[in-house]
Amino acid sequence: MPLTIATWNINSVRLRIDTVARFVAEAQPDVLCLQETKTIDETFPAEAIEAMGYPYRMIHGMKGYNGVAILSRVPISDITTNSWCDRQDCRHGTVRLAVGGTAVELHNLYIPAGGDIPDPVANEKFAHKLRFLDEITAWFAEAKRRERPMILVGDLNIAPLEHDVWSHKQLLGVVSHTPVEVDRLAQLQASAGFVDAVRHFVPADQKLYSWWSYRAKDWNAVDRGRRLDHIWVTPELVGDLGGATIHRPVRGWERASDHVPVVVRLGA
DNA sequence: ATGGTGGTTAGACCA
């Protein structure tokens with residue numbers, strides 16, 4: 001029986017709880033993974049999300065910044081969180097759930113954005129982004145991590161392919177699409193043989209975005225987007241992939257997040 | 001080359 005998993009950088013779950021409800025009513029994902037929840041766990045709107053039909057949850061937040069959550073209609077277990085680069089900054093939460101009877105580890109990640117200057121010497125935020133990628137890549141590469149199938153979702157803050165950005169040439173020097181980041185992301189992907197579940201369905205020569213800046217006058221007309229939000233699966237799950245959708249119209253909703261939900265269906 | 005918008009939270013900081 002099919003399972004749909006959504007990932008969405010919500011940019012404040014408290015401010016946009018009604019937007020979450022609207023998306024849930026429309027897309028009915030079984031599992032909803034959020035980033036940038038921007039709240040401590042005590043003030044996470046858990047009751048509202050339960051009322052939407054999500055009784056199971058992993059929440060891992062802090063005051064004002066970052067924060068990840070996994071909200072599920074299906075039971076989850078083995079809830080864990082990880083911190084990287086010696087910071088308790090709430091960017092990684094993991095749960096176990098069943099996909100077609102098989103136990104799968106689901107990782108929800110919010111990778112650091114990296115600041116404006118793509119130079120780790122001049123810009124500590126960019127150095128942090130690269131270090132974060134190196135640490136999680138080494139961790140995912142450990143053999144014991146690869147004993148069971150995995151799904152990795154989140155705002156990875158990197159658009160890896162030429163057509164994951166509106167202009168490859170103009171963004172080669174812009175944080176999120178620089179060769180050094182793209183190379184690091186490829187290493188992370190290779191660490192456990194992850195397959196890009198969205199590009200599995202959309203050819204690499206088609207433009208595909210999940211984020212549009214707030215600063216554009218008319219995001220839809222200008223369409224200078226980037227694909228920063230991803231869903232990856234390990235090879236055992238590739239045969240179960242049933243479809244992928246990037247919910248672009250959500251960007252046009254009232255008081256939208258700058259990211260839209262990305263959804264993958266697993267199972268017939 | 002610059003500044004453009006938004007969220008958190010009360011002056012910056014982050015995206």
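Residue numbers start from 1 in every chain, and the chains themselves are labelled A, B, ... in the order their sequence lines are given, proteins ahead of strands. Note that these values count all heavy atoms, side chains included, but never hydrogens, waters or copies made by symmetry.
Aromatic pair A:H247/A:F23: ring centres closer than 6.0 Å. Ring to ring, A:H177 and A:W166 are not that close: their centroids are 6.0 angstrom or more apart.
Salt bridge A:D223/A:R248: present, at least one basic N to carboxylate O contact under 4.0 Å. A salt bridge links A:D164 with A:R199: at least one charged nitrogen is closer than 4.0 Å to a carboxylate oxygen.
The nucleotide whose nearest atom lies closest to any side-chain atom of A:Y214 is, among B:dT8, B:dA15, B:dT5, B:dT5. Side-chain proximity of A:L15 to B:dC14, B:dT8, B:dA15: nearest is B:dT8. Closest approach to the A:R215 side chain among B:dA15, B:dA10, B:dG7 is made by B:dA15 (side chain taken as heavy atoms from C-beta onward).
Aromatic ring orientation, A:W232 versus A:H230: tilted (interplanar angle from 30° to 60°).
For A:D155 and B:dC14, the CG to P distance is 16 Å, given to the nearest whole Å. Atom-to-atom, CG of A:D258 to C1' of B:dG7 comes out at 10 Å; the value is rounded to the nearest Å. We find that CG of A:N9 is positioned 15 Å from C1' of B:dT5, with the value rounded to whole Å. When rounded to the nearest whole Å, the span between CD of A:E124 and C1' of B:dC13 equals 15 Å. The distance from atom CD1 of A:I111 to atom C1' of B:dC14 is 17 Å, rounded to the nearest whole Å. Atom CD in A:Q35 sits about 17 Å away from atom P in B:dG7, given to the nearest Å. A:I117 places its CD1 atom 13 Å from the P atom of B:dA15, with the value rounded to the nearest Å. To the nearest angstrom, P of B:dA1 lies 15 Å from CG of A:D116.
Nucleotides B:dG4 and B:dA15 have their C1' atoms positioned 14 Å apart, rounded to a whole Å. Rounded to whole Å, the P atom of B:dA10 lies 15 Å from the corresponding atom of B:dC14.
Mapping A:A256 and A:K217 onto DNA chain B by nearest heavy atom places A:K217 at the nucleotide closer to the 5' end. Residue order along DNA chain B, read from the 5' end via each residue's closest nucleotide, puts A:K63 first among A:G115 and A:K63.
The side chain of A:R14 places no N or O atom within less than 4.0 Å of a non-bridging phosphate oxygen (OP1 or OP2) of B:dG7. OP1 or OP2 of B:dC14 has at least one side-chain nitrogen or oxygen of A:K125 nearer than 4.0 Å.
When Watson-Crick and G-U wobble pairs are counted only if both distances are under 3.5 Å, B:dA15 pairs with B:dT5.
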